[in-house]
Amino acid sequence: MKLWQGRFDAPEAADADAFNESLSFDKQLWRADIEASCAHAAMLGQCGIVTDEESAAMIGGLQSIRDDIERGVLRVEGQEDIHSFVEGELVARIGSTGKKLHTARSRNDQVATDMRLYARGAVDEAMQALKKFIGVLLARAKETVKYIMPGFTHLRKAQPINCAQYFNAYSEMFLRDLDRFCALRRRMNVMPLGSAAMAGTSYPIDREITRRLLHFDAVSQNAPDAVSDRDFVAEYLFCASLTMAHLSRLCEDTILYTSDEFGYWEIPDAYSTGSSIMPQKKNPDIPELVRGKTGRVYGHLMAILTVLKGIPLAYNKDLQEDKEAFFDAQKALMSCLSIYTSLLAGITFRVNRMYDAAGEGYATATDVADYLAKRGVPFRDAHAVTGKLVRYCIEHGKTLPTLTLEEFRAASPVFEEDILQTVTTRASAEGRNSVGGSSRQAARAGIASIKKRLRQYD
Ligand code: ARG
């Protein structure tokens, strides 16, 4: 029996019912729905809209439903949505008093409240997972601060960098993600309950009571907006999308760096996969899958933005589409963060290979140009002289660190003996001591700064 059957002569057609239903997915809201209903029932009692006994009976019934679902003895099925299910079950348990639960409430403010409660929990979980992930990035940075690796632009060797500087780059990205989720949590923690269908209610409700019980920071100030506002869903999907973008970049690096061609890192066997036909293969399926799931999270963001754009004020059933998008993106985000936390913790480093690779490709050419510029040669001229030296190396099969002083001096008389130390891979990385730079000291300062900022979210 539908909650709304009274007005109709005929029952809903089976296909219409199947098309309309949301229980198959909104059952995920069961805990939030019961929590919000308990708060509402308590408020109804305190405001004298129902008697204290009725309020207590409803709360007791709701709690028994929660306990039974928790213990797996009550299956959530057989109704149009989670709200109908909980109410129907309450009436089955406590009789007609249960029918008073929906006084001064609509499924419109109810579902908006449930989604906020659920999404708030999801934001908290995402923040916890991000903190843990940044913790692993920091640990890896600390371990590798003594190592040098190639830094790239355009996927061509650019300059030698400190390994910790590399990991710190990702910590910065995920710290921004953490901050975005944190800001979202503050913005979304506003309670729609009490807005009823779309216009508020004539019952003498006290929204402060439910706000306090449900730990919201404020109550919404406009009923039509409150029942139809899903900005927080779109924002969650955006925060998740950007986090996935950052993860996906790290995946791309992982796939490249663990290839034979690069050979900088090794993925632990436990997080690698093989091929059914090629026995030698060790495939990076996990980073590939994380990279792939990024597309699906972006898809959900586009879906919700499109759903929201044509909705006339106030609630419309289109909004039911928010749930599968949210749940699926949440699942993808959380599983990706979790698996990559484990995988990243197990990555091993081919230290010598990284160091040698960092020196290949004339990666210290900028240091040669800087050497000249620091001795008075205008940088543009220094760049040209160094460019010629690189060409000389290419033609004669040499590298910058293996050039003799005479060869340097043939290009410019400004070069002195100390150029031979300046062009080494380590000196190159160590030379850049600016804030955020590639020296060990700068990378250590980077670690300290990330740790300090991370603590703000404790
Ligand atoms: N399943 C619905 C949703 O998710 C619940 C609200 C239904 N409200 C209504 N007026 N039909 O949006």
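Along the sequence shown, residues are numbered consecutively beginning with 1. Just so you know, ligand 1 is whichever comes first in the structure, and atom 1 is the first atom listed for that ligand. Values below: every heavy atom of this structure, side chains too, minus hydrogens, waters and symmetry copies.
Assignment of E80 to the shell around ligand 1 is not supported, since no heavy atom sits closer than 4.0 Å. Under the 4.0 angstrom criterion for non-hydrogen atoms, Q110 is not in contact with ligand 1.
Taking distance alone, with nitrogen or oxygen atoms compared against 3.5 Å, R230 stays at or beyond that limit from ligand 1.
Contact check on D217 versus R211 returns no salt bridge, with no Lys/Arg side-chain nitrogen under 4.0 Å from an Asp/Glu carboxylate oxygen.
From the protein, the heavy atom lying nearest to atom 7 (C) of ligand 1 is Y315 OH, 3.6 Å. With respect to atom 1 (N) of ligand 1, the closest heavy atom belonging to the protein is Q320 OE1, 2.7 Å. The nearest protein atom to atom 11 (N) of ligand 1, hydrogens excluded, is given as R107 NH2, 3.7 Å; this is a heavy-atom distance.
Both tests do not hold together for R230 against Y236: distance to the six-membered ring centre under 6.0 Å, angle to the ring axis within 45°.
Put simply, the side chain of D81 gets close to the backbone of H83: a donor and an acceptor are under 3.5 Å apart. Under the 3.5 Å distance criterion, the side-chain polar atoms of N20 are left unmatched by any main-chain donor or acceptor of A18.
Of all atoms in ligand 1, listed by their number and element, those nearer than 4.0 Å to a heavy atom of H83 are 5 (C). Within the listing of ligand 1, atoms 3 (C), 4 (O), 12 (O) sit less than 4.0 angstrom from a heavy atom of K323.
Between Y118 and F327, the ring planes are perpendicular. Angles over 60° get that label, and only those under 30° would be called parallel.
Around the NZ atom of K146, the shell of radius 6.0 Å holds more than 12 heavy atoms that belong to other residues, nucleotides or ligands.
Contacts between D322 and ligand 1 below 4.0 angstrom, taking non-hydrogen atoms only, are absent altogether.
Checked options F349, Y147, Y264, Y257; the residue passing with Y166 is Y257 (criterion: ring-ring contact (aromatic ring centres under 6.0 Å, His included)).
Between the choices D318, L23, D114, N108, the shortest heavy-atom distance to atom 9 (C) of ligand 1 belongs to N108.
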